[in-house]
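For reference, the structure is listed below as C-alpha cells.
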Amino acid sequence: MPGRDRDTGRDRFSTATRLRLLGEQTAARVYRSQSRRQARRSRLTGRAALLALVLCSLVVALAYPIRQYISQRGEISDMRRQMEQDRARVERLRDQKARWQDDAYAEQQIRKRLHYVRPGETGYVVVQPRSTERSGTDESSRAPAMRPWYAHVWESVDRADRGGQSGKTGGAAGASGASSPTPAP
C-alpha cells in the first residue's frame, strides 16, 4: 500500500505517525548534540589537564630558584645590618683611639686599671664589704672578675713553678712576691 509504513503497517501520513517520527527525530538531534558537547568537554578536559601539567611543571621548575632568591635576599639584608654594626664599631674604636692619644686620659686609665701611683702618693685598695663578711678567706678565693690582673699573672707563674699542679697562692703575699710555693708531696 502506498501510504502505509512497511515496518509498522501504519499510515505514514497519520498524525500519530508524524508525531512519533518528529519525536524520534528530535530525540536523535538531542542525542547528537549531547554527544558533541561531551566530545567538546572531553577536548576541553584534555586541554585543561595539559595546562595544569604545564603550570605544575613551571611551579616545580621555579620553586628552587625562587627559594634561593629569597634566601639570598635575606643574607644580603643580614650582611648590610652587620656592615652597619661594624661601621658603628669602627667609629667607637676611632673615638677610643683618639682618647688614648690624650696623655691625661692615658694616665687616668693607667692609674685606674694598673693601680699605679706617683712617687710620694699613697695607694689604697678599697676592700669590698662582702669580702669582710666571709671570715677565713683570702684574696685569692675571690671571684676572678674581682681580682686585679697581676694576681692572675702571679698565680699562673706560681702554678708553673709547682709543675702544673692546681692550687692558689695566698692572697696579698702571693701578689707581692713575698711567699714561696709549698713543695709538692
Quiz item: Roughly how far apart are M79 CE and M83 CE, rounded to 0.5 Å?
Solution: 10.5 Å
Quiz item: When rounded to the nearest 0.5 angstrom, what distance separates CD in Q96 from CD in Q109?
Solution: 8.5 Å
Quiz prompt | Inter-residue atom distance T26.OG1 - L21.CG, 0.5 Å rounding | solution = 10.5 Å
Practice problem: For salt bridge (charged side-chain N to carboxylate O under 4.0 Å, His left out), just list the numbers for R81 and E84, CA-CA rounded to whole Å, side-chain angles, deciding distance to a tenth of an Å, and then say yes or no. | Solution: CA-CA 5 Å; R81 196 175 315 113; E84 290 300 320; over 6 Å; no
Quiz item: Between Y150 and L114, is any pair of side-chain heavy atoms under 4.5 Å apart?
Solution: no
Exercise. Treat each ILVMFWY residue as a node, draw an edge where side-chain heavy atoms are under 4.5 Å apart, and state whether Y116 and W149 are in one component.
Key: yes
Exercise. State plainly whether the residues R94 and E91 are in salt-bridge range, i.e. N to O under 4.0 Å.
Key: yes
Quiz item: Is R20 salt-bridged to E24, cutoff N-O under 4.0 Å?
Solution: yes
Quiz item: Are L62 and I70 co-members of a hydrophobic cluster defined by side-chain heavy atoms under 4.5 Å apart?
Solution: yes
Quiz prompt | Point-to-point distance, once rounded to the nearest 0.5 Å, from OH of Y69 to OG of S71 | solution = 11.0 Å
Exercise. Identify whether the distance between the nearest side-chain nitrogen and carboxylate oxygen of D95 and R99 falls below 4.0 Å.
Key: no
Quiz item: Can you name the closest pair of heavy atoms from S77 and G74 and give their distance?
Solution: OG-O, 2.8 Å
Quiz item: Can you check whether E107 reaches D103 side chain to side chain, under 4.5 Å on heavy atoms?
Solution: no
Exercise. Report the distance from atom CD of Q72 to atom CZ of R67, rounding to the nearest 0.5 Å.
Key: 11.0 Å
Quiz item: Under 3.5 Å, is there a donor-acceptor pair linking the side chains of Q82 and D78?
Solution: no
Quiz prompt | CG-SG distance between L51 and C56, expressed to the nearest 0.5 angstrom | solution = 9.5 Å
Quiz item: Which heavy atom of H152 sits nearest a heavy atom of P148, and at what distance?
Solution: CD2-O, 3.4 Å
Practice problem: Could you walk me through whether R29 and Q25 pass side chain to side chain contact (heavy atoms under 4.5 Å, CB included), step by step? | Solution: CA-CA 6 Å; R29 276 191 226 130; Q25 290 172 354; 4.2 Å; yes
Quiz prompt | ring pair (Phe, Tyr, Trp, His ring centres under 6.0 Å) against Y105, all qualifying residues, sequence neighbours excluded | solution = W100
